[in-house]
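Basis for what follows: all heavy atoms, side chains included, without hydrogens, waters or symmetry-related copies. Positions are given from 1 along the sequence.
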Amino acid sequence: MAHNNRKPNMLPYTVKDFQKQFPDDATCLEWLKNYLYPDGIFCEACNTITKHHRVLSRPSYSCDHCGHHVHPTADTIFHKSSTPLTIWFHAIYLMAQTRCGISAKQIQRETGVTYKTAWRMFRQIRSMLTEEKNGPIGGFGRKVEMDETYYGSEAKGTRGRGTTKTPVVGMVQRKGQVRAFVAADVKADTLRGLIKEHVLPKSTVFTDTFRSYNGLDARGYSHERINHSEGVYVVGEVHTNTIEGFWSLIKRGIGGVYHSVGRHYLQTYLDEYSFRYNRRFDVQPMFLSVLQQVEKRDAVVRQSSPIPEPF
């Protein structure tokens, strides 16, 4: 008997598939050009879309009419990088192939670059994975769970609300997408601001009985609560098990792969895990989903912070 609710299987994409599709830098650059300019390259000098040919002496394309050069890597994560595109693409492939992430040290071992280069590539790739650009979740008739957790180390015996750990707030639509953010605190104004920005009105929002969630029903949401303090975790459809499962996924992943993450980098790790989670029902291979996040940006991520030591 067929199961209509069965999760679809993601199509396999092996290392042989990767090597066949991207055998050299020229192929990687051609893919990047075709992806960023699907309708053809607009020549600023000619003020129209024109035919361009590859310049063999540099990673650029030249207009057939005026000779104006276009660099597909400009203003992307590959901007002004001396690392070959094949290594960049291989690093993206390695990151996409794991469920819980991969460390920069492992990328160093797999690609042969220095740890400093691997870490910087890792951070640039992760910078593409923010989910905020996909807009808010929820809406009329849709169910959203909201919860907060805490990340970091602290003295033994101190945990939960009131600690000095970094607070993280998450919202997940059941059978849908998740949004997770490092928060300044878990005060009512902070949580209300996050839900206003990332959850559509008329959603049914499920939380625990933390007082900072008070008043959501007066702000355009249907609000249901579960009392964890009394040992109650599920009452019918009222629970926060989905978002708590996502927290477990993050904590196991960070603890098992990265061991420790500083507060100033934590958001990019949340973005990475959110990106994977939000594509759990996709058929397209994760590698292609990550690769397709490449886009032109006004400024790529700058490496102003110190690079942590490898574990």
S.K.: When you look at E131 and R279, which way does the salt bridge (charged side-chain N to carboxylate O under 4.0 Å, His left out) test go after all the steps?
M.R.: CA-CA 11 Å; E131 293 291 81; R279 284 152 187 81; 2.9 Å; yes
S.K.: Is the shortest heavy-atom distance from the side chain of M121 to the side chain of W88 under 4.5 Å?
M.R.: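 Yes - at least one pair of side-chain heavy atoms lies under 4.5 Å apart.
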S.K.: Would a hydrophobic clustering, with Ile, Leu, Val, Met, Phe, Trp and Tyr connected at side-chain separations under 4.5 Å, put L291 with L11?
M.R.: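 No: no chain of side-chain contacts under 4.5 Å links L291 to L11.
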S.K.: Is a side-chain donor or acceptor of T76 paired with a backbone partner of F78 at a separation under 3.5 angstrom?
M.R.: yes
S.K.: Once you round to the nearest 0.5 Å, how far does CG of D24 lie from OG1 of T27?
M.R.: 3.5 Å
S.K.: Does T73 offer a backbone N or O that forms a donor-acceptor pair with the side chain of H71 under 3.5 Å?
M.R.: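 No: the side chain of H71 does not pair with the backbone of T73.
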S.K.: Between W119 and Y265, is the ring centroid distance below 6.0 Å?
M.R.: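 Centroid separation for W119 and Y265: below 6.0 Å.
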S.K.: Within the supplied structure, the quantity of interest is the number of heavy atoms (other residues, nucleotides, ligands) at a distance under 6.0 Å from E44 CD; does it exceed 12?
M.R.: no
S.K.: Kindly compute the distance separating NE2 (H65) from OG1 (T48), expressed to the nearest 0.5 Å.
M.R.: 8.5 Å
S.K.: Using side-chain heavy atoms (C-beta onward) and a distance below 4.5 Å, is V168 in contact with L270?
M.R.: yes
S.K.: Around F281, counting heavy atoms of other residues, nucleotides and ligands shown, do more than 12 lie under 6.0 Å from its CZ?
M.R.: yes
S.K.: With a 6.0 Å cut-off on the ring centroids, do H228 and Y233 count as close?
M.R.: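 They qualify: ring centres under 6.0 Å apart.
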S.K.: Would R120 and Y115 count as a cation-pi pair here, with the cationic atom under 6.0 angstrom from the ring centre and within 45° of the axis?
M.R.: no
S.K.: Given the rule in the ring-ring contact (aromatic ring centres under 6.0 Å, His included) test, do F22 and H90 qualify, once you have shown the distances and angles that lead to the verdict?
M.R.: CA-CA 9 Å; F22 300 107; H90 188 199; over 10 Å; no
S.K.: Determine whether T204 and V144 satisfy the following criterion, side-chain contact (heavy atoms from CB on, under 4.5 Å), listing intermediate values before the conclusion.
M.R.: CA-CA 6 Å; T204 299; V144 175; over 6 Å; no
S.K.: Apply side chain to side chain donor-acceptor pair (under 3.5 Å) to residues E145 and T242 and explain how you reach the verdict.
M.R.: CA-CA 7 Å; E145 299 175 23; T242 311; 2.7 Å; yes
S.K.: Quick check for you: to the nearest 0.5 Å, what is the distance between I77 atom CD1 and E295 atom CD?
M.R.: 10.5 Å
S.K.: To the nearest 0.5 Å, how far apart are CD1 in I92 and CZ in F18?
M.R.: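 The distance works out to 8.5 Å.
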S.K.: Validate the cation-pi geometry between R142 and F140: distance from NZ or CZ to the six-membered ring centre under 6.0 Å, angle to the ring axis within 45°.
M.R.: no
S.K.: What pair of heavy atoms forms the shortest contact from S289 to Q293, and how long is it?
M.R.: O-NE2, 3.2 Å
S.K.: Looking only at atom types and distance, does a side-chain atom of R276 sit under 3.5 Å from a main-chain N or O of T98, one as donor and one as acceptor?
M.R.: yes
S.K.: What is the minimum heavy-atom distance between V169 and A183, and which atoms define it?
M.R.: CG2-CB, 3.8 Å
S.K.: Might you work through the side-chain contact (heavy atoms from CB on, under 4.5 Å) test for V238 and V234, ending with a clear yes or no?
M.R.: CA-CA 6 Å; V238 182; V234 180; over 6 Å; no
S.K.: Measure across V70 and P72 and return the closest heavy-atom pair with its distance rounded to 0.1 Å.
M.R.: O-CD, 3.4 Å
S.K.: Treat each ILVMFWY residue as a node, draw an edge where side-chain heavy atoms are under 4.5 Å apart, and state whether L200 and L216 are in one component.
M.R.: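 No; tracing contacts between hydrophobic side chains, which count when under 4.5 Å, never links both residues.
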S.K.: Before giving the answer on side chain to side chain donor-acceptor pair (under 3.5 Å), spell out for H52 and D64 the whole-Å C-alpha distance, their side-chain angles and the decisive distance to 0.1 Å.
M.R.: CA-CA 5 Å; H52 285 63; D64 285 0; over 6 Å; no
S.K.: Measure from the side-chain N and O atoms of Y13 to the backbone N and O of Y93, and report whether any donor-acceptor pair falls under 3.5 Å.
M.R.: no
S.K.: Looking only at atom types and distance, does a side-chain atom of Y273 sit under 3.5 Å from a main-chain N or O of C100, one as donor and one as acceptor?
M.R.: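 Here the side-chain-to-backbone pair exists.
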S.K.: Is there a donor in the side chain of T86 and an acceptor in the side chain of D25, or the other way round, less than 3.5 Å apart?
M.R.: yes
S.K.: List the steps, then state whether side-chain contact (heavy atoms from CB on, under 4.5 Å) holds for I137 with M171.
M.R.: CA-CA 8 Å; I137 59 177; M171 296 141 281; 4.1 Å; yes
S.K.: For the pair F210 and Y213, name the ring-plane relationship: parallel under 30°, tilted 30 to 60°, perpendicular over 60°.
M.R.: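 Rings of F210 and Y213: perpendicular, over 60°.
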S.K.: Before you tell me yes or no, could you show the steps for D185 and T190 under side chain to side chain donor-acceptor pair (under 3.5 Å), namely the whole-Å CA-CA distance, both residues' side-chain angles and the distance that decides it to 0.1 Å?
M.R.: CA-CA 7 Å; D185 52 59; T190 301; 2.5 Å; yes
S.K.: Do K143 and V172 touch side chain to side chain, with heavy atoms closer than 4.5 Å?
M.R.: no
S.K.: Quick one: does Y150's side chain get under 4.5 Å of T166's, heavy atoms only?
M.R.: no
S.K.: Here's one to test your reading of the geometry: is the NZ or CZ of K251 within 45 degrees of the ring axis of Y151 and under 6.0 Å from its centre?
M.R.: no
S.K.: Show your working on side chain to side chain donor-acceptor pair (under 3.5 Å) between Q19 and K16 and close with a plain yes or no.
M.R.: CA-CA 5 Å; Q19 292 170 344; K16 288 185 177 180; over 6 Å; no
S.K.: Which distance, rounded to the nearest 0.5 Å, do you find between the SG of C28 and the NZ of K33?
M.R.: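 If I round to the nearest 0.5 Å, the distance is 14.0 Å.
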S.K.: For a quick test of reading the model, state the closest non-hydrogen atom pair linking V113 to Q108 and the distance between them.
M.R.: O-CG, 3.0 Å
S.K.: Please check this pair: side chain of S212 against backbone of V186, looking for a donor-acceptor N/O pair closer than 3.5 Å.
M.R.: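 Judged by distance alone, yes, a pair lies under 3.5 Å.
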S.K.: Could you tell me whether the side chain of N227 and the main chain of S229 form a donor-acceptor pair under 3.5 Å?
M.R.: yes
S.K.: For the residue pair F42 and I49, establish whether any side-chain heavy-atom pair is separated by less than 4.5 Å.
M.R.: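 Contact flag for F42/I49 side chains = yes.
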S.K.: When rounded to the nearest 0.5 angstrom, what is the spacing between CG in L29 and CG in L85?
M.R.: 6.0 Å
S.K.: For E197, which residues count as a side chain to side chain donor-acceptor pair (under 3.5 Å) partner, sequence neighbours excluded?
M.R.: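 Counting only residues at least two positions away or on another chain, E197 forms no side chain to side chain donor-acceptor pair (under 3.5 Å).
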S.K.: A side-chain contact here means heavy atoms from C-beta on lying under 4.5 Å apart; do S203 and S222 qualify?
M.R.: no
S.K.: For the side chain of Y269 and the backbone of R126, is there at least one donor-acceptor N/O pair under 3.5 Å apart?
M.R.: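 No; judged by distance alone, with no hydrogens or angles, the pair does not exist.
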S.K.: Quiz question: by atom type and distance under 3.5 Å, do the side chains of T14 and D17 form a donor-acceptor pair?
M.R.: yes
S.K.: Could you go step by step and tell me if V283 and M10 meet the side-chain contact (heavy atoms from CB on, under 4.5 Å) rule?
M.R.: CA-CA 4 Å; V283 175; M10 186 172 286; over 6 Å; no
S.K.: With heavy-atom distances below 4.5 Å as the criterion, would you say the side chains of E30 and Y61 are in contact?
M.R.: yes
S.K.: Side-chain heavy atoms nearer than 4.5 Å, only ILVMFWY residues, links allowed to pass through others: does that put I226 and V199 together?
M.R.: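 Unlinked, I226 and V199 end up in two clusters.
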S.K.: Examine distances only and state if a side-chain atom of S248 and a backbone atom of E244 form a donor-acceptor pair shorter than 3.5 Å.
M.R.: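 Yes.
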S.K.: Do R280 and Y277 form a cation-pi contact, if we require the NZ or CZ to be under 6.0 Å from the six-membered ring centre and within 45 degrees of the ring's axis?
M.R.: yes
S.K.: Within the 4.5 Å heavy-atom criterion, are F181 and L194 side-chain neighbours or not?
M.R.: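 F181 vs L194: side chains touch.
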S.K.: Any side-chain to backbone donor/acceptor pair from Q177 onto Q173? Under 3.5 Å, distance only.
M.R.: no
S.K.: Cation over ring, R225 on F206, under 6.0 Å and within 45°?
M.R.: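 Geometry flag: not set, cation outside 6.0 Å or 45°.
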S.K.: Please give me the minimum heavy-atom distance between R263 and P167, naming the atom from each residue.
M.R.: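 Heavy atoms of R263 and P167 come nearest at NH1-CD, 3.9 Å.
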S.K.: Measure across I107 and T111 and return the closest heavy-atom pair with its distance rounded to 0.1 Å.
M.R.: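 It is O-OG1, 2.7 Å.
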